[in-house]
Amino acid sequence: AIVEHVLFAGATRSRQSLTNIDISNFDFSKTTYLEKLFYGCSSLISIKFSDNLKTSKVRTMSGLFGLCSSLQSLDLSKFDTSQVTIFTQMFDGCKSLKSIDLSSFNTDSLIEAQNMFRDCEKLETLDLSKFQGVKLKYIYGMFSGCKSLETLNINNMDTYQIRDMSNLFKGCEKLKT
């Protein structure tokens, strides 16, 4: 089935009890919004994505994994994010997330990434070296509450256009580099 627009408006009891999701047969080739697709799936442990995942038309991934507080790792290396403008709260509240692969993320169109990793309390290392974000304007609270974060690579992030980066590292008690 082709998924053209995905927008869920909050958690229900059934969403909160999901532990494993297999969306390997979903066709996202015409999808433009992946807002809150897994939002509030607080018991979710694993997500199986297709090996040939097509997300090239997606424009927003806001809240995509928000409040998935049981997720421990995510491999998003198959995601095409070249058209995405909004990553706001994408991993917000993923309190158990320890590892995440964003190595394929293209941020050339990215404008908003507010609270993207907020309260990812167990995340220790984050490599955002591919994040250039030449259009990036809003990153306030992007890493706030990441109290275990020790290593962060944002060396290639273009901050020239950024208008608001308040609370960017609020609560990042262990951040060294």
Side-chain angles (χ1 to χ4, degrees), residues 1-84 86-107 110 113-131 142-153 172 174:
I2 293 177
V3 180
E4 292 187 23
H5 178 93
V6 181
L7 173 65
F8 295 120
T12 63
R13 286 180 193 230
S14 60
R15 292 175 68 91
Q16 292 173 344
S17 63
L18 289 171
T19 55
N20 300 290
I21 296 176
D22 181 347
I23 60 167
S24 58
N25 293 322
F26 281 33
D27 181 352
F28 291 108
S29 63
K30 295 184 180 182
T31 305
T32 53
Y33 297 94
L34 282 179
E35 273 185 23
K36 299 183 178 180
L37 181 58
F38 305 105
Y39 187 85
C41 294
S42 56
S43 299
L44 189 59
I45 297 168
S46 70
I47 304 168
K48 183 177 182 192
F49 298 104
S50 170
D51 286 338
N52 61 350
L53 185 66
K54 293 178 177 73
T55 57
S56 62
K57 293 187 179 180
V58 176
R59 300 225 179 255
T60 179
M61 293 186 175
S62 179
L64 183 58
F65 303 99
L67 300 178
C68 290
S69 54
S70 297
L71 271 178
Q72 293 184 15
S73 67
L74 277 171
D75 180 357
L76 304 181
S77 61
K78 304 280 192 256
F79 277 46
D80 179 345
T81 60
S82 59
Q83 299 300 314
V84 178
I86 303 171
F87 282 156
T88 301
Q89 297 177 324
M90 190 171 180
F91 307 101
D92 185 16
C94 291
K95 296 181 182 294
S96 300
L97 194 60
K98 291 181 181 179
S99 68
I100 183 166
D101 184 346
L102 304 174
S103 60
S104 70
F105 272 37
N106 175 332
T107 58
L110 186 61
Q114 307 95 302
N115 300 316
M116 185 175 177
F117 300 97
R118 181 175 62 186
D119 293 332
C120 289
E121 297 175 353
K122 296 202 176 173
L123 202 57
E124 295 177 3
T125 302
L126 192 54
D127 183 0
L128 300 181
S129 57
K130 300 269 183 170
F131 273 55
M142 189 172 180
F143 309 102
S144 90
C146 293
K147 60 185 182 182
S148 298
L149 191 61
E150 292 182 24
T151 306
L152 174 64
N153 184 345
C172 295
K174 295 184 178 182

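Quantities reported herein were computed from a predicted structural model and do not represent experimental measurements. Note: hydrogens, waters and symmetry copies are ignored here, and every other heavy atom, side chains too, is used.
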**Student:** Among D127, T125, L126, which residue meets the side chain to side chain contact (heavy atoms under 4.5 Å, CB included) test with N153?
**Tutor:**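 Of all the options given, the one that passes is D127.
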**Student:** Does the pair F38 and I23 meet the rule for a side-chain contact (heavy atoms from CB on, under 4.5 Å), with working shown?
**Tutor:** CA-CA 11 Å; F38 305 105; I23 60 167; 3.8 Å; yes
**Student:** Backbone N or O of Q16 within a donor-acceptor pair of the S43 side chain at under 3.5 Å?
**Tutor:**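 Yes: the side chain of S43 pairs with the backbone of Q16.
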**Student:** Picking from I86, D80, V84, what satisfies side chain to side chain contact (heavy atoms under 4.5 Å, CB included) with V58?
**Tutor:**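 Result for side chain to side chain contact (heavy atoms under 4.5 Å, CB included) with V58: V84.
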**Student:** Mark yes or no for whether S148, through its side chain, and E124, through its backbone, hold a donor-acceptor pair below 3.5 Å.
**Tutor:**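 No: the side chain of S148 does not pair with the backbone of E124.
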**Student:** State the NZ-SG distance between K122 and C94, to the nearest 0.5 angstrom.
**Tutor:**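 K122 NZ to C94 SG: 13.0 Å, rounded to 0.5 Å.
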**Student:** Checking side chain to side chain contact (heavy atoms under 4.5 Å, CB included) against F65, which of I100, I47, L44, D92 comes through?
**Tutor:**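 Output: one option passes, namely I47.
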**Student:** Are E150 and K174 ion-paired here, with the side-chain N under 4.0 Å from a carboxylate O?
**Tutor:**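 Here E150 does not pair with K174 in a salt bridge, since their nearest N and O are not under 4.0 Å apart.
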**Student:** Taking the side chain as every heavy atom from C-beta outward, state whether F117 and L152 have any pair of such atoms under 4.5 Å apart.
**Tutor:**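 With C-beta onward as the side chain, the pair stays apart.
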**Student:** Has the side chain of S96 got a donor or acceptor atom that lies under 3.5 Å from a matching backbone atom of S69?
**Tutor:**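 It does hold such a pair.
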**Student:** To the nearest 0.5 Å, how far apart are NZ in K36 and CG in L64?
**Tutor:**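 Answer rounded to 0.5 Å: 12.0 Å.
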**Student:** How far does CG of D101 sit from CG of D75, to the nearest 0.5 angstrom?
**Tutor:**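 CG of D75 is found 4.5 Å from CG of D101.
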**Student:** Do R118 and Q89 have side chains that get closer than 4.5 Å, going by heavy atoms?
**Tutor:**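 Answer yes - side chains close enough.
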**Student:** In the structure I gave you, are the side-chain heavy atoms of F91 and L123 within less than 4.5 Å of one another anywhere?
**Tutor:**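 F91 vs L123: side chains apart.
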**Student:** Do F26 and L37 have side chains that get closer than 4.5 Å, going by heavy atoms?
**Tutor:**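 When only atoms from C-beta onward are counted, L37 and F26 do not touch, as no gap falls below 4.5 Å.
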**Student:** Could you tell me the separation between the CE atom of M61 and the CD atom of Q83, rounded to the nearest 0.5 Å?
**Tutor:**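 Taking CE in M61 and CD in Q83, the distance rounds to 11.0 Å.
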**Student:** Closest approach of T107 and K130, non-hydrogen atoms and distance?
**Tutor:**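 In terms of heavy atoms, the two residues are closest at OG1-O, 3.8 Å.
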**Student:** Taking side chain as C-beta onward, heavy atoms only, is F79 less than 4.5 Å from L74?
**Tutor:**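 Counting from C-beta outward, F79 and L74 never come under 4.5 Å.
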**Student:** So T81 and F87, do their side chains get closer than 4.5 Å, heavy atoms only?
**Tutor:**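 Yes, side chains in contact.
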**Student:** Would you give the length of the straight line joining atom OG1 of T88 to atom CE of M116, rounded to the nearest 0.5 angstrom?
**Tutor:**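 Rounded to the nearest 0.5 Å, the OG1-CE separation comes to 9.0 Å.
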**Student:** Strictly distance-based, threshold 3.5 Å: is any side-chain N or O of T60 a donor or acceptor partner for the main-chain N or O of Y33?
**Tutor:**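 Flag not set: sc T60 to bb Y33 has no pair under 3.5 Å.
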**Student:** Please check: side-chain N/O of S77 versus main-chain N/O of S104, any donor-acceptor pairing under 3.5 Å?
**Tutor:**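 Looks like no, no N/O pair under 3.5 Å.
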**Student:** Atom OG of S46 and atom CG of N20: how far apart are they, to the nearest 0.5 Å?
**Tutor:**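 Here the rounded value is 3.5 Å.
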**Student:** Please name the pair of heavy atoms, one in C172 and one in F143, separated by the smallest distance, quoted to 0.1 Å.
**Tutor:**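 Between these two residues, the closest heavy atoms are SG-O, 3.1 Å.
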**Student:** Indicate yes or no: at least one non-hydrogen side-chain atom of K95 is less than 4.5 angstrom from one of D119.
**Tutor:**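 Answer yes - side chains close enough.
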